[in-house]
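Numbers here simply count residues along the sequence, with the first being 1.
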Amino acid sequence: MLIAFSVLCAILGFVFLDVHRDEAMIGEHAYWFSKTFSVKSTLARGLNQEWEQHLWHYHKLLVYSGAIVTSVFGFHLHALRLVPLMVYLAFAFFFIRYLMWKYTVQTKWIVSALVLLFFNFQFYTSGLVYRPEILITLFGFLSFLQLEKFRKDKSSITLGLVSMFVALAALSHLNGLAFGVAGLVYVLSVSNWRKGVQFTLVAILFFIPYFWDLWSIENLQAWMHTIAEDPNLAHQNNILLQLVTRIAEEHMRWFRNPQMAWFFLAFFLSIIASGKAFWKKNSALVGYTFTLLIMVAILSYSKSTKYTIVYYPYMVLLIIAAAKNELSKDKRRKIRKLYLTVYLAINIGYAYFSFSRSSFDVLEQNKQIEALVKRENAQLILADESFIFSSIGKYKLHMPYVYSLLYDKLEKDNELNSFLNFAAINHDDLVLIDKHRTGKNFYKKLHLEELKPLQTIGEYQWLGVQNDVHVFKHISQEANER
């Protein structure tokens with residue numbers, strides 16, 4: 001019944017979950033790779049980083065798998081979502097098999113672990129959104145399974161498999177390097193330094209394909225320049241201070257909302273309350289998990305909750321191990337039921353609100369926007385990135401997110417004037433501001449409710465609201481003067 005309910009949730013999420021910004025951004029990378037075997041981004045127009053011609057830094061394995069799906073099914077949101085869904089199901093298979101081996105006939109602990117992981121809203125959505133975290137999680141967990149095997153057999157072949165899966169995690173997203181460091185800590189805790197060196201060298205060899213398109217000095221320099229000039233990483237001059245700050249502020253990610261806080265509270269309380277016997281028995285797993293927590297803090301440029309899912313499986317394993325060993329039977333049963341009841345209620349609540357606006361709403365609205373664009377004979381458009389699923393190959397779209405990256409921290413007398421000036425600098429024919437998909441704070445700053453019919457602002461004229469989208473059309477200089 002639990003599995004049937006999980007499958008139903010996965011189907012509903014796959015179909016109805018709202019479009020994530022990164023699905024449009026990474027999806028565009030996959031589209032261009034399927035066409036030209038290289039990656040670029042028209043959505044990033046305005047960043048002045050030559051991303052329109054070539055993007056050197058991207059999530060390699062995710063983009064390649066998305067390109068394959070795009071080549072077969074065309075460029076569609078739900079086609080791209082097949083990639084994380086298949087990976088999610090593969091991970092579920094290996095995780096459930098591991099639990100059945102570890103707990104054999106102890107069904108209640110298997111069920112508890114499955115509820116903790118697969119009914120965690122953050123983890124659940126990672127298998128439905130076209131982003132790299134679930135790929136990292138799968139390859140990371142496969143490396144962990146081989147580490148568990150290596151602890152017993154000390155085989156070089158097993159260690160080579162660990163290295164391979166660690167490299168695949170890093171090829172999915174550079175945050176996957178966290179599994180390389182955690183794997184090294186694990187190897188050193190159960191073996192010797194020679195095995196640690198062997199693990200590291202083989203992992204590097206498997207990671208070399210990352211640089212297949214950076215074969216020249218010029219390309220490598222362009223890749224390094226792309227990373228150095230990334231707006232997300234800007235203004236980080238003191239690297240050491242930045243690393244210390246990231247670790248010190250990691251709690252901001254763990255306790256960002258009730259759903260996260262309830263999960264992390266259980267984890268830390270389980271670890272703190274456990275006795276010496278637990279620590280001794282699970283020392284390798286504890287060290288591995290905390291290394292992942294620290295490395296994700298170091299490697300992640302923001303405190304977004306999406307980066308946490310890569311270490312959720314190991315947190316769940318430790319929570320279950322602590323609960324199983326440290327609580328009396330009566331206490332155990334009551335606490336387990338109470339915790340899981342509240343946990344399910346919180347996560348189901350989050351799921352309900354997330355489905356309040358579905359992907360079908362957005363894709364249907366995109367069709368109406370496309371009709372508007374055709375009517376206005378526009379080619380260059382500033383609009384929500386989700387419009388890429390209707391516009392790619394037809395129009396040149398770039399996203400308001402570029403504006404926020406460049407201008408958010410600057411003082412502005414009038415936000416709407418500044419935004420439309422940004423559009424004018426990039427020669428946009430149309431500016432479309434979606435009432436539902438624009439950030440609430442930014443939308444409020446625009447004061448769109450004060451606009452008058454056909455009002456002219458800078459080089460744009462307000463044409464009104466169509467399907468909850470404010471439409472601004474670029475007007476010629478002569479018309480503006482008249």
Side-chain angles (χ1 to χ4, degrees), residues 19 21 24-25 27-29 31-32 35 40-53 55 75 362-408 412 414-439 442-443 445-482:
V19 182
R21 173 191 295 147
M25 294 168 65
E28 187 194 12
H29 300 167
Y31 172 84
W32 291 119
K35 298 293 183 183
K40 63 180 180 178
S41 176
T42 60
L43 282 175
R45 183 159 53 90
L47 278 176
N48 300 319
Q49 295 186 351
E50 300 178 351
W51 288 3
E52 276 190 271
Q53 284 72 46
L55 187 61
F75 186 67
V362 178
L363 297 178
E364 180 59 36
Q365 185 185 52
N366 283 349
K367 294 178 184 177
Q368 297 167 356
I369 290 175
E370 186 177 7
L372 166 66
V373 170
K374 285 181 180 177
R375 189 166 66 246
E376 298 296 340
N377 196 29
Q379 282 299 314
L380 302 177
I381 305 157
L382 175 59
D384 184 77
E385 55 275 354
S386 63
F387 185 48
I388 194 83
F389 291 106
S390 295
S391 69
I392 200 161
K394 305 174 188 174
Y395 316 105
K396 291 191 75 173
L397 174 72
H398 77 131
M399 53 186 176
Y401 182 57
V402 173
Y403 172 82
S404 69
L405 286 173
L406 295 174
Y407 296 97
D408 252 9
K412 298 172 283 288
N414 186 299
E415 192 79 56
L416 182 58
N417 283 354
S418 177
F419 186 60
L420 292 176
N421 184 54
F422 167 73
I425 290 170
N426 288 283
H427 312 292
D428 288 308
D429 302 317
L430 276 183
V431 177
L432 307 174
I433 304 174
D434 191 322
K435 179 179 179 181
H436 300 288
R437 301 194 63 77
T438 304
F442 178 65
Y443 189 84
K445 288 179 185 176
L446 296 174
H447 298 292
L448 296 170
E449 69 281 354
E450 298 175 7
L451 291 172
K452 297 174 183 177
L454 301 179
Q455 181 176 338
T456 299
I457 303 163
E459 297 182 27
Y460 290 87
Q461 186 176 57
W462 183 57
L463 300 184
V465 183
Q466 302 183 31
N467 299 310
D468 290 330
V469 176
H470 287 267
V471 182
F472 295 84
K473 182 179 181 180
H474 188 267
I475 54 177
S476 66
Q477 188 64 32
E478 293 80 8
N480 197 8
E481 288 171 356
R482 289 199 297 271

Shortest non-hydrogen contact from [X] to [Y]?
X: Ala24; Y: Leu43; answer: O-CD1, 3.8 Å
X: Val402; Y: Gly46; answer: CG1-C, 4.0 Å
X: Ala424; Y: Tyr460; answer: N-OH, 3.4 Å

Taking [Y]'s backbone N and O only, do any of them form a donor-acceptor pair with [X]'s side chain (distance below 3.5 Å, no angle check)?
X: Arg45; Y: Asn426; value: yes
X: Ser404; Y: Tyr401; value: yes
X: Asp429; Y: Leu380; value: yes
X: Asn366; Y: Ser386; value: yes

Sequence neighbours excluded, which residues qualify as salt bridge (charged side-chain N to carboxylate O under 4.0 Å, His left out) partners of [X]?
X: Lys473; answer: Glu376
X: Glu28; answer: none
X: Lys452; answer: none
X: Lys40; answer: none

Quick check for you: to the nearest 0.5 Å, what is the distance between [X] atom [atom1] and [Y] atom [atom2]?
X: Leu397; Y: Leu382; atom1: CG; atom2: CG; result: 8.0 Å
X: Asn467; Y: Gln368; atom1: CG; atom2: CD; result: 4.0 Å
X: Thr438; Y: Leu448; atom1: OG1; atom2: CG; result: 8.5 Å
X: Leu463; Y: Phe472; atom1: CG; atom2: CZ; result: 9.0 Å
X: Ile425; Y: Tyr403; atom1: CD1; atom2: OH; result: 10.0 Å
X: Glu385; Y: Ser41; atom1: CD; atom2: OG; result: 10.5 Å

When you compare the side chain of [Y] with that of [X], does any pair of heavy atoms fall below 4.5 Å?
X: Leu420; Y: Glu459; value: no
X: Leu372; Y: Leu432; value: yes
X: Asn421; Y: Asn417; value: no
X: Val19; Y: Arg437; value: yes

Quick one: which of His398, Gln379, Lys396 gives a side-chain hydrogen bond (donor to acceptor under 3.5 Å, both in side chains) with Asp428?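 Among His398, Gln379, Lys396, the one meeting side-chain hydrogen bond (donor to acceptor under 3.5 Å, both in side chains) with Asp428 is His398.
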Side-chain polar contacts of residues 387-395 - donor-acceptor pairs under 3.5 angstrom, sequence neighbours left out - could you list them?
residue: Ser391; atom: OG; partner: Phe387; partner atom: O; Å: 3.1
residue: Lys394; atom: NZ; partner: Glu370; partner atom: OE2; Å: 2.7
residue: Lys394; atom: NZ; partner: Ser390; partner atom: O; Å: 3.3

Taking only residues two or more places apart in sequence, or in another chain, which ones meet Asn414 in a side-chain hydrogen bond (donor to acceptor under 3.5 Å, both in side chains)? none
Among Thr456, Leu451, Val471, whose side chain to side chain contact (heavy atoms under 4.5 Å, CB included) with Trp462 holds? Leu451
Would you say His436 and Asp468 are linked by a side-chain donor-acceptor pair, where the criterion is simply a distance under 3.5 Å? yes
Criterion side-chain contact (heavy atoms from CB on, under 4.5 Å) on Leu446 and His470, from CA distance to verdict: CA-CA 11 Å; Leu446 296 174; His470 287 267; over 6 Å; no
